[in-house]
Number of protein chains: 2
Amino acid sequence: MEIACFIEAADRHCQQQGVKLTALRRQVLELVLSYPGVVKAYQVLADLQKQRGIAAPPTVYRALDFLVAAGLLHKVDALNGYIVCHHVGCSHEGLILVCGDCGQVEELDATPVLDVLRQQAGGAGFAISQQNLMLTGRCKECRT
Amino acid sequence: MEIACFIEAADRHCQQQGVKLTALRRQVLELVLSYPGVVKAYQVLADLQKQRGIAAPPTVYRALDFLVAAGLLHKVDALNGYIVCHHVGCSHEGLILVCGDCGQVEELDATPVLDVLRQQAGGAGFAISQQNLMLTGRCKECRT
DNA sequence: TTCTCAAATGTTACGGTATAACAAAGTGAT
DNA sequence: ATCACTTTGTTATACCGTAACATTTGAGAA
Ligand SMILES: [Zn+2]
Ligand SMILES: [Zn+2]
Ligand SMILES: [Zn+2]
Ligand SMILES: [Zn+2]
């Protein structure tokens with residue numbers, strides 16, 4: 001199974017970083033993984049409630065925050081959602097393409113373009129921090 | 001006055017586009033202009049209430065949506081806020097730098113870098129739409 | 001083992017963000 | 001004046017996210 005494999009990698013990744021992928025965090029990660037694209041916190045919360053009967057917002061937000069900090073998820077501000085990072089470990093800044101029609105997500109490497117952006121911003125006295133680039137558009141399928 | 005000049009240009013810009021900068025929309029634009037950087041909808045709402053006694057969220061959200069659609073404001077998703085576009089008319093895609101410390105904003109031209117991004121995304125079958133690039137970081141002053 | 005402390009999770013309550021739905025008022029054309 | 005259309009007002013509610021404090025858990029020290 002694809003998911004189990006990812007979880008295993010995530011587990012190793014957390015151990016390397018000296019943080020713990022607890023049962024709850026793993027469960028939330030699995031729930032996010034079960035979606036093909038962007039997922040919202042309250043959707044994860046609903047799923048979690050189906051599985052363990054009761055859960056409150058802080059439970060899922062804390063897990064999501066942890067997973068983002070660990071580099072396993074990315075937050076998609078424009079959609080108030082989260083996506084799985086499929087480039088764990090490859091110390092990267094992501095170029096995240098979100099299809100506005102179907103919600104599917106593709107993640108490319110933004111390192112080269114961010115070098116250019118850092119230079120351009122630096123010329124204006126601005127130091128841009130480590131971050132991902134989010135762009136919206138339409139995926140191959142949705143372009144018909 | 002700087003603001004009056006901007007409003008005048010905004011008015012012309014709207015006329016050219018065949019949309020109307022009504023009194024309410026102008027008032028909201030002035031309120032956003034009165035801040036140096038990112039402003040939040042509910043802050044504008046509070047200001048509006050001071051000026052006209054009563055106002056509800058839809059009033060300000062509708063005005064803000066209009067101003068964004070007209071190209072007079074940009075929405076900063078990462079901060080749930082809005083900024084004034086100081087490149088009205090120059091048909092542009094902005095590279096918007098937001099200082100995470102002080103909220104100040106600088107807007108550069110993102111056209112060249114978006115050309116590169118379009119090419120990279122196109123290689124993955126993705127057609128990215130017209131949009132601005134938002135990056136967070138620290139401005140000259142806040143870097144101490 | 002048992003204690004202790006820090007991290008993680010549970011729980012309650014609340015505040016911030018945004019929109020749906022419908023009513024009323026303005027605008028301009030016939 | 002009447003009509004169709006756009007804008008604004010109003011109420012209510014849904015969605016997003018966190019503060020604050022209680023409780024549990026688990027790893028290391030005594
Ligand atoms: Zn990634
Ligand atoms: Zn799609
Ligand atoms: Zn702009
Ligand atoms: Zn600053």
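So you know, we letter chains A, B, ... as the sequences are listed, proteins then strands, and number each from 1. All heavy atoms count here, side chains included; hydrogens, waters and symmetry mates do not.
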Strictly below 4.0 Å: does [X] bring a side-chain N or O up to OP1 or OP2 of [N]?
X	N	answer
A/T59	C/dG10	yes
B/N80	C/dA18	yes
B/K20	D/dT6	no

Mind listing the residues from residues 41-58 of chain A sitting with a heavy atom below 4.0 Å of DNA chain D? Number order is fine.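 Here the set is A/Y42, A/P57, A/P58.
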
Taking the side chain as everything from C-beta on, heavy atoms only, tell me whether A/D77 gets closer than 4.5 Å to A/K75.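 Yes. Closest side-chain heavy atoms under 4.5 Å.
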
Could you state the [atom1]-[atom2] distance from [X] to [N], rounded to the nearest angstrom?
X	N	atom1	atom2	result
B/K40	D/dC16	NZ	P	16 Å
A/L21	D/dG26	CG	C1'	16 Å
A/Q27	C/dA8	CD	P	17 Å
B/D65	D/dT8	CG	C1'	14 Å
B/R25	C/dG26	CZ	P	16 Å
B/L79	C/dA18	CG	P	11 Å
B/L24	C/dG26	CG	C1'	13 Å
B/F66	D/dT6	CZ	C1'	12 Å

Which heavy-atom pair separates A/M134 from B/Q131 by the least distance, and what is that distance? O-OE1, 4.1 Å

In this structure, would B/I96 and B/Y82 fall into the same cluster of hydrophobic residues linked by side-chain contacts under 4.5 Å? no

Do you reckon A/V44 sits in the same ILVMFWY cluster as A/L72, going by side-chain contacts under 4.5 Å, direct or chained? yes

Looking only at side-chain N and O atoms, does A/D47 offer a donor or acceptor that is under 3.5 Å from a partner on A/Y35?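 Indeed, the side chains of A/Y35 and A/D47 share at least one donor-acceptor pair under 3.5 Å.
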
Distance only, no hydrogens: is a donor on one side chain within 3.5 Å (strictly under) of an acceptor on the other, for B/Q27 and B/Q51?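 The criterion, which ignores hydrogens and geometry beyond distance, is satisfied for B/Q51 and B/Q27.
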
Distance from B/I7 atom CD1 to B/E30 atom CD, nearest 0.5 Å? 4.5 Å

On a plain distance test, is the side chain of A/R62 in donor-acceptor contact with the base of D/dG17 below 3.5 Å? no

Of the options C/dT19, D/dT7, D/dT10, whose atoms approach the side-chain atoms of B/T22 most closely?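 Between C/dT19, D/dT7, D/dT10, the one nearest the side chain of B/T22 would be D/dT7.
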
Side chain of A/Y61 only, please: which of C/dT19, D/dT18, D/dT8 is the nearest?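 Out of C/dT19, D/dT18, D/dT8, the nucleotide with an atom closest to A/Y61's side chain is D/dT18.
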
